[in-house]
Each structure stands twice: as C-alpha cells, then as structure tokens.
Asks: 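Pasting a structure here, questions to come.
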Amino acid sequence: MCIKLLAALIVVAMAGTAFAAGDADARKYRADMDEGISLLRTGSRDEIHRSIARFKAALKVQPESAEAYFWIALAHSDLNNYQRAAENAREATTYDDRLAEAWLLWGQALLYQKDWRNALIKLETAALLAPEDPILQYNIGRVQYHGFKDPDAALPRFRAAWQKGQENRRDNPELIALTIRSRLYMGCCEYE
C-alpha cells in the first residue's frame, strides 16, 4: 500500500513539474510573439529583423506554430524579401490550412514575384476562407489584370474590393487607400 501511495505521489509530482514547464513554455512563447509583433509594428528595418528573431525564438518553443510562421512571413514581406515571405506563409498553411491571412500573404508574395498562376491559386484558396476580405479581392484583381491581362475578370474583383472597402473603411487609412486604388483600377478595366 505504501509503495502504491509513494508511486502515486511521484506521478503527481512529475505531472505538476511537466505542467509548470509547459506553462513556462507557453508564457515564453507568448512573450516572444508579443515582443515580435510590437517590434514589427515600428516599421524600422532593424526592428523588423529583431522581430524575426523573436518569432524564431517562439518557434523553438512551439515548432509547429502557424502564427509564428505567419508573422515571420509578414516581416519578410515588409523587408521586400518575397521569396522568404512565400516560404514562411507556406509553412503557416502547413500547420493551419484554415489561416486565410497566410494564404493571402503567400499569394501576395507570389504576385510580387510575378508568379501569376500560383499567386492566383493561393489567393483563391484564401477567398474560399474569407470571401468578404477587400484586400484579398483587390489582389485577385491585380493578378487577373497584370498577370493574365484580363480586365473583364479583374473588374468584378476590383468592384468587390471597392464596395467592401467603402462599407468598412471608417477611419482606416489602409482601406481608404484600397478603395481609391480599386476605383482607379475599375476605370482602367472599363476603359480597355
């Protein structure tokens, strides 16, 4: 009886240690992610590089974190390193294939590399997950217009981006700019 009680106490103690270690890992992961996001938002190249280091530190704690891969991809995109952005966005979708933002970022990185066909595939995958996203619609329009030289296919995408942007743009400079650019593209499509 005493041996069973001692064994049970050892198991409970080991579980408590594992839980505490797991809790410490979760706190470290979150701290690294939050610090990386904060650094990325400053926008300076040095801070962006530091943010990547923090996101990679978070990956050491949680190697299959779609969130960390997404933020690394976003940081590389901000540095105009679209190949690395695409690679990390791909990794993010490997670990969470429902992460529309990662598919969008992957498609956008491919768009900047002028890999039109693959960009369209990634963007359309994102559109299945987030059909109302005006940025997504805008980027699909850009691929159709610039990559496939198809203003007829691009026009409804720009129109959707413009309409959704109009509905949601209150005090959002990015959406205000998006609606303006979408409207300009609409004019180009209609002119051709």
Side-chain angles (χ1 to χ4, degrees), residues 28-127 129-130 133-148 154 157-158 161 164-165 168-169 171-182 184-185:
K28 177 168 177 14
Y29 171 83
R30 191 73 262 149
D32 284 334
M33 289 302 299
D34 291 345
E35 178 66 17
I37 292 167
S38 178
L39 289 166
L40 183 60
R41 287 188 174 144
T42 67
S44 77
R45 290 185 70 77
D46 289 340
E47 300 298 312
I48 293 171
H49 284 289
R50 287 182 53 212
S51 76
I52 292 170
R54 292 306 294 261
F55 298 137
K56 286 182 177 180
L59 276 175
K60 287 180 182 176
V61 177
Q62 291 186 20
E64 297 180 357
S65 170
E67 176 191 25
Y69 279 112
F70 169 77
W71 284 99
I72 292 170
L74 189 60
H76 281 298
S77 181
D78 285 355
L79 294 170
N80 299 325
N81 187 340
Y82 300 117
Q83 183 175 348
R84 284 199 175 165
E87 291 165 0
N88 283 282
R90 177 182 45 80
E91 285 296 317
T93 64
T94 298
Y95 296 114
D96 184 355
D97 65 355
R98 307 259 334 133
L99 190 59
E101 296 87 354
W103 288 102
L104 168 59
L105 186 56
W106 189 4
Q108 191 169 340
L110 293 169
L111 178 153
Y112 289 134
Q113 295 177 72
K114 297 183 179 179
D115 184 350
W116 307 114
R117 186 181 63 78
N118 285 319
L120 187 59
I121 291 168
K122 303 322 179 226
L123 293 169
E124 287 179 340
T125 300
L129 300 169
D133 186 333
I135 297 168
L136 177 57
Q137 296 300 324
Y138 173 77
N139 280 309
I140 293 173
R142 290 171 62 201
V143 170
Q144 294 287 4
Y145 186 80
H146 294 291
F148 294 101
R157 298 302 186 147
F158 291 128
K164 286 296 171 193
N168 301 312
R169 72 185 219 169
D171 301 323
N172 184 334
E174 287 183 36
L175 283 180
I176 292 169
L178 178 81
T179 58
I180 293 168
R181 289 191 309 269
S182 295
L184 292 171
Y185 268 115

Asks: Side chains of Leu111 and Trp116, heavy atoms from C-beta outward: is any pair under 4.5 Å?
Replies: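 The answer is yes, as the side chains (C-beta and beyond) meet within the 4.5 Å cut-off.
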Asks: Roughly how far, to the nearest 0.5 Å, is the CG atom of Leu79 from the CG atom of Leu74?
Replies: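 Leu74 CG to Leu79 CG: 10.0 Å, rounded to 0.5 Å.
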Asks: With distance as the sole test, does Trp103 use its side chain to make a donor-acceptor pair with the main-chain N or O of Ile121 at under 3.5 Å?
Replies: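 No: the side chain of Trp103 does not pair with the backbone of Ile121.
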Asks: If the threshold is 4.0 Å, N to carboxylate O, is there a salt bridge linking Arg54 and Glu47?
Replies: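 Looking at Arg54 and Glu47, the cut-off is not met.
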Asks: Take Tyr138 and Lys164 through the side chain to side chain contact (heavy atoms under 4.5 Å, CB included) test and state the conclusion after the steps.
Replies: CA-CA 10 Å; Tyr138 173 77; Lys164 286 296 171 193; over 6 Å; no
Asks: Using a cut-off of 6.0 Å, state whether more than 12 heavy atoms not belonging to Arg30 lie near its atom CZ.
Replies: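 Counting other residues, nucleotides and ligands, CZ of Arg30 exceeds 12 neighbours.
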Asks: Between Ser182 and Thr179, is there a donor-acceptor pair closer than 3.5 Å when you use the side chain of the first and the backbone of the second?
Replies: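 No, because the side chain of Ser182 does not come within donor-acceptor range (under 3.5 Å) of the backbone of Thr179.
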Asks: Please assess Phe158 against Arg142 for the test side chain to side chain contact (heavy atoms under 4.5 Å, CB included), listing each intermediate value before the final yes or no.
Replies: CA-CA 8 Å; Phe158 291 128; Arg142 290 171 62 201; 4.1 Å; yes
Asks: Are there over 12 heavy-atom neighbours, none belonging to Glu174, within less than 6.0 Å of that residue's CD?
Replies: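 Open.
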Asks: Let me see the working for Tyr69 and Thr94 under side chain to side chain contact (heavy atoms under 4.5 Å, CB included), right down to the final yes or no.
Replies: CA-CA 10 Å; Tyr69 279 112; Thr94 298; over 6 Å; no
Asks: If you look at every heavy atom in Ala89 and Ala102, which pair is closest and at what distance?
Replies: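 What the structure gives for the nearest pair is CB-O, 3.6 Å.
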Asks: If you look at every heavy atom in Pro134 and Ala161, which pair is closest and at what distance?
Replies: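 That would be O-CB, 3.3 Å.
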Asks: Please report the interatomic distance CD1(Ile135) to CG(Leu175), rounded to the nearest 0.5 Å.
Replies: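 Ile135 CD1 to Leu175 CG: 5.5 Å, rounded to 0.5 Å.
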Asks: How are the rings of Tyr112 and Tyr82 set relative to one another: parallel (under 30°), tilted (30 to 60°) or perpendicular (over 60°)?
Replies: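 Tilted.
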Asks: So how far is it from Leu110 CG to Asn139 CG, rounded to the nearest 0.5 Å?
Replies: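 If I round to the nearest 0.5 Å, the distance is 11.5 Å.
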Asks: Would His76 and Phe55 satisfy ring-ring contact (aromatic ring centres under 6.0 Å, His included), going step by step from the backbone distance to the final call?
Replies: CA-CA 12 Å; His76 281 298; Phe55 298 137; over 10 Å; no
Asks: For the CZ atom on Arg84, are there more than 12 heavy atoms of other groups (residues, nucleotides or ligands in this structure) within a distance under 6.0 Å?
Replies: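 No.
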Asks: Using a strict 4.0 Å threshold on nitrogen-to-oxygen distance, state whether Asp46 and Arg50 make a salt bridge.
Replies: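 Salt bridge between Asp46 and Arg50, a charged N being under 4.0 Å from a carboxylate O: no.
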Asks: Got a second to check how far Trp106's CH2 is from Thr93's OG1, nearest 0.5 Å?
Replies: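 Going from CH2 on Trp106 over to OG1 on Thr93, the span is 4.5 Å.
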Asks: Taking all non-hydrogen atoms of both residues, which atom of Gly43 and which atom of Ile48 are closest, and how far apart?
Replies: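 In this case the closest contact between Gly43 and Ile48 is O-CD1, 3.6 Å.
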Asks: What is the minimum heavy-atom distance between Ala66 and Asp96, and which atoms define it?
Replies: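 The pair with the smallest heavy-atom distance is CB-CB, 3.5 Å.
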Asks: Can you name the closest pair of heavy atoms from Gln137 and Ala127 and give their distance?
Replies: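 Closest pair (atom of Gln137, atom of Ala127, distance): NE2-CB, 4.4 Å.
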Asks: Could you tell me whether Gln113 atom CD has more than 12 heavy atoms of other residues or ligands within 6.0 Å of it?
Replies: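 More than 12 heavy atoms, drawn from other residues, nucleotides or ligands, come within 6.0 Å of this atom.
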Asks: If every non-hydrogen atom of Val143 is compared with every non-hydrogen atom of Ala119, which pair is closest and at what distance?
Replies: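 Answer, listing the atom of Val143 first, then Ala119: CG2-CB, 4.1 Å.
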Asks: When rounded to the nearest 0.5 angstrom, what is the spacing between CG in Leu136 and CG in Leu105?
Replies: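 Output value for this atom pair is 12.0 Å.
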Asks: Calculate, to the nearest 0.5 Å, the distance between atoms CG and CG belonging to Leu39 and Asp34 respectively.
Replies: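 Atom-to-atom, Leu39:CG and Asp34:CG are 11.0 Å apart.
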Asks: Compute whether any side-chain donor of one residue and acceptor of the other, for Gln62 and Tyr95, lie under 3.5 angstrom apart.
Replies: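 The answer is no; no qualifying pair exists.
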